[in-house]
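Below, each value reflects all heavy atoms present in this structure, side chains not excepted, and no hydrogens, waters or symmetry copies.
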Amino acid sequence: MSRKALIAANWKMYKTPAEAQAFVDAFLPRVAGHTRDEIALFPSPVLLPAVVPACKGSNVAVGAQNIHFAEEGAYTGETSIGQLKAVGGTHTLIGHSERRQYFAETDEIVNKKLHTALKHGIVPVVCIGEVLEEREAGKTASVLQTQVNGAFAGITPEAAKPIVIAYEPVWAIGTGRTATPEIAADAHRIIRAEVAKLLGVGVAAAMRILYGGSVKPENVKDLMAQEEIDGALVGGASLKPESFTAIVKY
Ligand code: 13P
């Protein structure tokens, strides 16, 4: 089954609106006409009103790094799915390990957010991955299976079709320590098998599983050579138009 790759930039808490605009001005011409892969940018919410219009009509989609599961309400500091849609965002990350680690997001919260995104037609990129101690204790498979089951509770095979998963081993994020292509592909197989158990082999075979964690222009080609790896979620190396272009055009 051929799956169209998604190469995505997670800018985390970086860039001002002017810096984001400068990135887009430099980046769009470099990737114009690139149709082999889908491309998406995930800036901070305050940047969306600058980045979404700047990318309109291009081959680059724009999404949020996080949304709240409630439609609206007294949730100081949060962004609703309606707000994301109103500014033209089409995608959202859900359950990034930094959200889990620093903002106490659980699989249950991830599941609620996933339901909200699907209900509103926003493409969810659900992030999962083990921490170093779990890998060293031989618990990687069970951690990933638990995260998949938690995230996907109550999701039907029909509803699941837009979902993208990002496998981001926490020990590889921002550390310069990339999973080898083989380690990443092994984890992707575990994840896909769990999705197949829950939603059927057809849905699992069509679902894109991205790899994230110290993806760079130097290692992207070997990672993407793995049939199991359907794209990349890139942090640090997505902040400069030159390096993110090199990753997109691996
Ligand atoms: P780095 O590419 O900086 O390791 O970040 C990965 C990540 O967390 C993407 O979501």
Side-chain angles (χ1 to χ4, degrees), residues 4-67 77-79 81 83-99 102-103 117 122-127 164 166 168 172-176 178 208 210-221 223-224 229-250:
K4 187 161 186 173
L6 170 62
I7 312 289
N10 175 7
W11 286 352
K12 308 194 178 183
M13 202 172 69
Y14 294 100
K15 293 192 188 296
T16 63
E19 287 164 352
Q21 182 71 52
F23 178 104
V24 173
D25 289 345
F27 179 64
L28 291 189
R30 288 168 196 254
V31 297
H34 184 92
T35 53
R36 180 191 58 188
D37 315 280
E38 287 177 20
I39 307 167
L41 304 177
F42 291 92
S44 300
V46 292
L47 304 180
L48 290 171
V51 176
V52 172
C55 292
K56 204 175 159 74
S58 78
N59 55 338
V60 177
V62 184
Q65 296 170 10
N66 176 42
I67 47 133
E78 294 289 316
T79 304
I81 197 100
Q83 291 167 330
L84 173 61
K85 282 176 81 169
V87 296
T90 53
H91 292 55
T92 188
L93 304 183
I94 297 179
H96 189 278
S97 66
E98 286 148 19
R99 301 290 318 166
Y102 305 126
F103 303 96
I122 291 288
V123 177
V125 180
V126 178
C127 305
V164 178
E168 300 206 302
I173 294 178
T175 58
T178 325
R208 290 178 292 181
L210 318 183
Y211 168 76
S214 298
V215 175
K216 308 242 172 326
E218 300 77 45
N219 59 26
V220 63
K221 203 174 171 67
L223 288 161
M224 292 301 293
I229 300 182
D230 307 316
L233 183 54
V234 187
S238 75
L239 293 170
K240 295 224 164 73
E242 302 78 19
S243 62
F244 192 51
T245 302
I247 289 171
V248 168
K249 296 191 166 177
Y250 67 86

(request) Please report the shortest heavy-atom distance between G33 and N59, naming the atom on each side. (result) N-ND2, 4.0 Å
(request) Report the C-alpha distance between V31 and F244 in whole Å, list the side-chain angles of each, state the deciding distance to 0.1 Å, and finish with yes or no for side-chain contact (heavy atoms from CB on, under 4.5 Å). (result) CA-CA 10 Å; V31 297; F244 192 51; over 6 Å; no
(message) Minimum heavy-atom separation for C127 and L233, please, with both atom names.
(response) SG-CD2, 4.0 Å
(request) Supply the atom-to-atom distance N10 CG to L239 CG, rounded to the nearest 0.5 angstrom. (result) 9.0 Å
(message) I want to check a possible cation-pi pair here: R36 against Y250, using under 6.0 Å from ring centre and within 45° of the ring axis as the test.
(response) yes
(message) Consider side chain to side chain contact (heavy atoms under 4.5 Å, CB included). Of I67, N66, V126, V125, which one does L93 pass it with?
(response) V125
(request) Find the distance between CZ (F27) and NZ (K240) and round it off to the nearest 0.5 Å. (result) 15.0 Å
(request) Any chance you could measure H91, atom NE2, to I122, atom CD1, to the nearest 0.5 Å? (result) 9.0 Å
(message) Please find the pair of heavy atoms, one from V24 and one from C55, that lie closest to each other, and give the distance.
(response) CG1-SG, 3.9 Å
(request) Identify the two heavy atoms, one from R208 and one from L6, that lie closest to each other, and give their separation to 0.1 Å. (result) NH1-CB, 4.0 Å
(request) Could I get the full list of side chain to side chain contact (heavy atoms under 4.5 Å, CB included) partners for E218, not counting sequence neighbours? (result) K216
(request) Looking only at non-hydrogen atoms, find the nearest pair between S214 and T175 and report the distance. (result) OG-N, 3.6 Å
(request) May I ask you to decide if S238's main-chain N or O and W11's side chain share a donor-acceptor pair within less than 3.5 Å? (result) yes
(message) Return the CD1 to CZ distance between I94 and R99, rounded to the nearest 0.5 Å.
(response) 11.5 Å
(request) Please name the pair of heavy atoms, one in I39 and one in H34, separated by the smallest distance, quoted to 0.1 Å. (result) CD1-CD2, 4.2 Å
(request) Hey, could you give me the OG1/CD1 distance between T245 and I7, rounded to the nearest 0.5 Å? (result) 12.0 Å
(request) May I ask you to check whether over 12 heavy atoms, not counting those of K249, lie within 6.0 Å of atom NZ? (result) yes
(message) Using 0.5 Å steps for rounding, measure from the CE atom of M224 to the CG atom of L210.
(response) 8.5 Å
Please tabulate, one pair per line, all N/O donor-acceptor pairs under 3.5 Å involving side-chain atoms of residues 42-52, not counting sequence neighbours.
from, atom 1, to, atom 2, distance (Å)
S44, OG, K12, O, 3.2

(request) Would you check if there is a donor-acceptor pair between the side chains of H96 and E168 at a distance under 3.5 Å? (result) yes
